[in-house]
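A short write-up of the structure that comes next.
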Amino acid sequence: MEVQEILKKLREKNNLTQEEMANRVNVTRQAVSRWENGETQPNPEMLKVLSREFDVSINTLLGSPRQLYCQCCGMPLSEDSMISRERDNSFNEDYCKWCYADGEFLYTTKESLIDFMMQHIPNPQNQSESERRQFFESQLSNLKHWKV
């Protein structure tokens, strides 16, 4: 889905006219009309405003052009409800809500996350504990949060 369609659906989902949506985000009705007609797109600052005002991620507003992955644990972030939040309730699209919440990381060391993974991720190939730990270590080391 394209940005123009997403913005129109968002407006309609919230039962707003173009005028009402414009007032909510401090733009003109004509600006909303141009977004919905595909003549223009909201700039990056306006995308942040729309994200906050309508509680959707910027990635969603842009039509999910990229698959998001938690940069702490590697989990795919397929829904906005999985994405972490900052203290001001804005989305932090780099992390899942289970690794990062209210501006703080829940796993302070890679080892603590690996311990959690060892307990909660199935082991269908019956790999040894050391093989699993080595695998998790190698995967996590590629993520932004754990890069040295």
Side-chain angles (χ1 to χ4, degrees), residues 1-16 18 20-27 31-32 34-36 38 40-148:
M1 196 178 308
E2 293 193 32
V3 175
Q4 64 196 58
E5 298 165 309
I6 292 165
L7 292 172
K8 184 174 183 177
K9 279 188 182 248
L10 186 63
R11 179 178 61 77
E12 291 171 346
K13 176 183 170 195
N14 286 275
N15 297 314
L16 298 173
Q18 287 183 344
E20 291 167 331
M21 183 173 189
N23 288 337
R24 246 172 107 168
V25 296
N26 280 333
V27 296
V32 173
R34 286 193 296 271
W35 296 340
E36 291 183 3
T40 63
Q41 287 190 355
N43 66 32
E45 285 306 309
M46 182 51 60
L47 287 170
K48 290 178 188 175
V49 170
L50 290 163
S51 172
R52 273 192 311 272
E53 187 65 31
F54 294 102
D55 199 33
V56 295
S57 70
I58 292 173
N59 196 55
T60 295
L61 288 171
L62 295 175
S64 300
R66 59 192 173 106
Q67 172 61 59
L68 301 176
Y69 293 92
C70 177
Q71 293 300 306
C72 181
C73 71
M75 181 172 61
L77 303 175
S78 55
E79 298 174 14
D80 283 355
S81 63
M82 300 169 81
I83 298 173
S84 68
R85 303 280 187 144
E86 294 291 349
R87 289 184 204 275
D88 67 1
N89 206 35
S90 63
F91 285 97
N92 181 328
E93 297 182 9
D94 282 339
Y95 302 103
C96 72
K97 67 181 183 181
W98 298 282
C99 288
Y100 184 84
D102 295 324
E104 294 186 26
F105 288 99
L106 283 77
Y107 298 100
T108 55
T109 66
K110 194 184 326 177
E111 289 71 31
S112 65
L113 176 55
I114 290 173
D115 288 343
F116 178 85
M117 295 169 89
M118 291 292 292
Q119 292 176 359
H120 294 91
I121 295 179
N123 183 11
Q125 281 99 18
N126 292 318
Q127 294 175 305
S128 71
E129 183 174 330
S130 64
E131 287 175 317
R132 292 181 74 211
R133 284 189 180 279
Q134 186 177 1
F135 174 76
F136 292 145
E137 169 72 34
S138 70
Q139 296 301 305
L140 294 176
S141 294
N142 292 317
L143 300 173
K144 177 174 141 180
H145 183 65
W146 304 113
K147 282 195 178 193
V148 180

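We use all heavy atoms of the structure for the numbers below, so side chains are in, but hydrogens, waters and symmetry mates are not.
Of the possible polar contacts, one joining the Glu131 side chain to the Ser128 backbone as a donor-acceptor pair under 3.5 Å is found. Between the side chain of Ser112 and the backbone N or O of Tyr107 there is no donor-acceptor pair closer than 3.5 Å. For the pair Asn14 (side chain) and Leu16 (backbone), a donor-acceptor distance under 3.5 Å is absent. A donor-acceptor pair under 3.5 Å is absent between the side-chain atoms of Arg132 and the main chain of Ile114, judged by distance alone. Ser141 contributes a side-chain N or O that, together with a main-chain N or O of Glu137, makes up a donor-acceptor pair within less than 3.5 Å. With Glu5 contributing its side chain and Glu2 its backbone, the two residues share a donor-acceptor pair below 3.5 Å. In this structure, Glu93 contributes its side chain and Ile58 its backbone to a donor-acceptor pair below 3.5 Å. Panel note: side chain Asp55, backbone Ser51; no donor-acceptor pair is recorded below 3.5 Å. With Asp80 contributing its side chain and Ser57 its backbone, the two residues share a donor-acceptor pair below 3.5 Å.
With contacts defined as side-chain heavy-atom distances shorter than 4.5 Å, the pair Val49/Glu45 does not qualify. Within the 4.5 Å cutoff, side-chain heavy atoms of Leu7 are placed close to those of Pro42. Using a 4.5 Å cut-off on side-chain heavy atoms (C-beta onward), Leu10 and Leu61 make contact. Between Trp146 and Cys72, the closest side-chain pair of non-hydrogen atoms falls below 4.5 Å. Looking at heavy atoms from C-beta onward, Leu62 lies in side-chain contact with Val3 at the 4.5 angstrom threshold. Side-chain contact between Met21 and Phe54 is present, with heavy atoms from C-beta onward closer than 4.5 Å. Contact of the Trp98 side chain with the Cys73 side chain is not registered, since no non-hydrogen atoms from C-beta on lie closer than 4.5 Å. With contacts defined as side-chain heavy-atom distances shorter than 4.5 Å, the pair Trp35/Leu50 qualifies.
The minimum heavy-atom distance linking Met82 with Pro76 is given by the pair CE-O, 3.5 Å. Summarising the geometry of Gln4 relative to Gly38, their closest heavy-atom pair is OE1-CA, 3.0 Å, with the distance given to 0.1 Å.
A side chain to side chain donor-acceptor pair (under 3.5 Å) with Asp115 holds for exactly one of Arg133, Lys110, His120; it is Arg133.
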Worked check of salt bridge (Lys or Arg N to Asp or Glu O under 4.0 Å) between Arg85 and Asp102: CA-CA 6 Å; Arg85 303 280 187 144; Asp102 295 324; over 6 Å; no
Audit row: Tyr95, Gln71, side-chain contact (heavy atoms from CB on, under 4.5 Å) steps and yes/no: CA-CA 6 Å; Tyr95 302 103; Gln71 293 300 306; 3.7 Å; yes
Salt bridge (Lys or Arg N to Asp or Glu O under 4.0 Å) between Glu104 and Arg87, worked out: CA-CA 9 Å; Glu104 294 186 26; Arg87 289 184 204 275; 3.2 Å; yes
Glu53/Arg24 under salt bridge (Lys or Arg N to Asp or Glu O under 4.0 Å): CA gap, chis, key distance, verdict: CA-CA 8 Å; Glu53 187 65 31; Arg24 246 172 107 168; 2.7 Å; yes
Lys144 vs Asp94, side-chain contact (heavy atoms from CB on, under 4.5 Å): CA-CA, chis, key distance, verdict: CA-CA 9 Å; Lys144 177 174 141 180; Asp94 282 339; 2.4 Å; yes
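Glu86 and Asn92 are linked by a side-chain donor-acceptor pair at a separation below 3.5 angstrom, with hydrogens and angles left out of the test.
Separating the CD1 atom in Ile121 from the CZ atom in Phe135 is a distance of 8.5 Å, to the nearest 0.5 Å. Of the inter-residue distances, the one linking Asn142 atom CG with His145 atom NE2 reads 14.5 Å to the nearest 0.5 angstrom. To the nearest 0.5 Å, the span separating CG on Leu113 from CZ on Phe105 amounts to 11.5 Å. Atom CG of Leu77 and atom OG of Ser84 lie 8.0 Å apart (nearest 0.5 Å).
Using a 4.0 Å cut-off between charged side-chain N and carboxylate O, Arg11 and Glu36 make a salt bridge.
Summarising the local packing, CD of Gln134 is surrounded by 12 or fewer heavy atoms from other residues, nucleotides or ligands at distances under 6.0 Å.
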